[in-house]
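Order of the sequence lines fixes the chain letters, A, B, ..., with proteins taken first and strands second; residue numbering starts at 1 for each chain.
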There are 2 protein chains.
Amino acid sequence: MHSPELLKGTLQTIVLKVLKDHGRMYGYEITQRVKELSEDRILLTEGALYPTLHKLEAEGMLKTETVMLGKRVRKYYALTPEGRSLVKERVSEFVEFIRTMGNVLQVELH
Amino acid sequence: MHSPELLKGTLQTIVLKVLKDHGRMYGYEITQRVKELSEDRILLTEGALYPTLHKLEAEGMLKTETVMLGKRVRKYYALTPEGRSLVKERVSEFVEFIRTMGNVLQVELH
DNA sequence: CTTATATGCATAATTCACTTATGTATTAAT
DNA sequence: ATTAATACATAAGTGAATTATGCATATAAG
């Protein structure tokens, strides 16, 4: 990603929305999905992703299910009803932010 | 502003673009212009604005002119040629970021 | 066959752009 | 007279991120 500064504050929004669109997912899968959707421009780091997932779980926005794959562990995350509300909030907040920035920067976005 | 986290990394872009569109401006004037353009949603704090202006000046992106208004000081900032290049870069970087986020979040931005 | 890469989770240490707090000073309004 | 607005500046503190580290299995390459 060119300018990682811009990404700040968007991590929760990204994780929540991807989970909403894709259903249950595990951490590594989320990083790969975001990489794919962003055409390699957004590479989530583990140091940011896992603490965010844990925090959202602690707040009751996500529920987890741990699955053993042979000897490997995989932890699936899915939205709770409260999480589903939060996604809507976060996404519209982001859209609102973009609209405001469009006005300030006087640029057409699409 | 609702979520100040999203604003991170946009300060330089905002300052540079507003200066490009308006010509020479002083610090306080920039805060007021941004407040106006954003309909009170983006309120630049002095603790962030002045260090940013100083940094951009030190990097040769801005040139200054200090004017005395009776006993008051006013410091005008204007883009240098290098600053003019930087604005284009920063703005297209932001537009690119928005496009990417639109793909990841699967939202239409106007 | 052993080495690198990919998969998979987790957390501690560090960074750095920002907010908050503080300071100085003039002018206009109530 | 006191408050709010104008106008600049910088130091201290915060917090979400990056970087670094650790553990462990699976697979491809050489």
With a cut-off of less than 4.0 Å, is there a side-chain N or O of [X] near OP1 or OP2 of [N]?
{"X": "A/Y50", "N": "C/dC9", "value": "yes"}
{"X": "B/Y26", "N": "D/dA7", "value": "yes"}
{"X": "A/H54", "N": "C/dT11", "value": "yes"}

So which nucleotide from C/dA10, D/dC8, C/dG8 ends up closest to the side chain of A/R74? C/dG8
Which listed nucleotide (C/dG8, D/dT10, C/dT26) is nearest to the side chain of A/L69? C/dG8
Separation of [X] atom [atom1] from [N] atom [atom2], in whole Å?
{"X": "B/L44", "N": "D/dA7", "atom1": "CG", "atom2": "C1'", "value": "15 Å"}
{"X": "A/E46", "N": "D/dT19", "atom1": "CD", "atom2": "P", "value": "13 Å"}
{"X": "A/I42", "N": "D/dT18", "atom1": "CD1", "atom2": "C1'", "value": "16 Å"}
{"X": "B/L6", "N": "D/dG15", "atom1": "CG", "atom2": "P", "value": "17 Å"}
{"X": "B/I30", "N": "D/dA9", "atom1": "CD1", "atom2": "P", "value": "11 Å"}
{"X": "A/E57", "N": "C/dA10", "atom1": "CD", "atom2": "C1'", "value": "13 Å"}
{"X": "B/L53", "N": "D/dT10", "atom1": "CG", "atom2": "C1'", "value": "14 Å"}
{"X": "B/K71", "N": "D/dC8", "atom1": "NZ", "atom2": "P", "value": "19 Å"}

Under a single-linkage definition using a 4.5 Å side-chain heavy-atom cutoff for Ile, Leu, Val, Met, Phe, Trp and Tyr, are A/Y76 and A/V73 assigned to the same hydrophobic cluster? no
Sort me out a list of protein N/O and nucleotides 13-18 of chain C N/O pairs below 3.5 Å, or just none if empty.
from   : atom 1 : to   : atom 2 : distance (Å)
C/dC18 : OP1    : B/G9 : N      : 2.9

When rounded to the nearest 0.5 angstrom, what is the spacing between CG in B/L44 and OG1 in B/T52? 9.0 Å
Rounded to the nearest 0.5 Å, what's the gap from OH on A/Y50 to CD1 on A/I30? Could you check? 8.5 Å
What one should report as the nearest heavy-atom pair of A/S38 and B/T100 is CB-CG2, 3.6 Å
Not counting sequence neighbours, list each pair that qualifies as a salt bridge (charged side-chain N to carboxylate O under 4.0 Å, His left out) and has a residue in residues 100-110 of chain A. none
Applying a 4.0 Å non-hydrogen cut-off, can you work out what B/R72 is touching in the nucleic acid: base, sugar-phosphate, or nothing? base
Only one of A/K75, A/R74, A/R24 passes salt bridge (charged side-chain N to carboxylate O under 4.0 Å, His left out) with A/E65, and that residue is A/R24
Under a 4.5 Å cut-off applied to non-hydrogen side-chain atoms, are A/R90 and A/K17 in contact? no
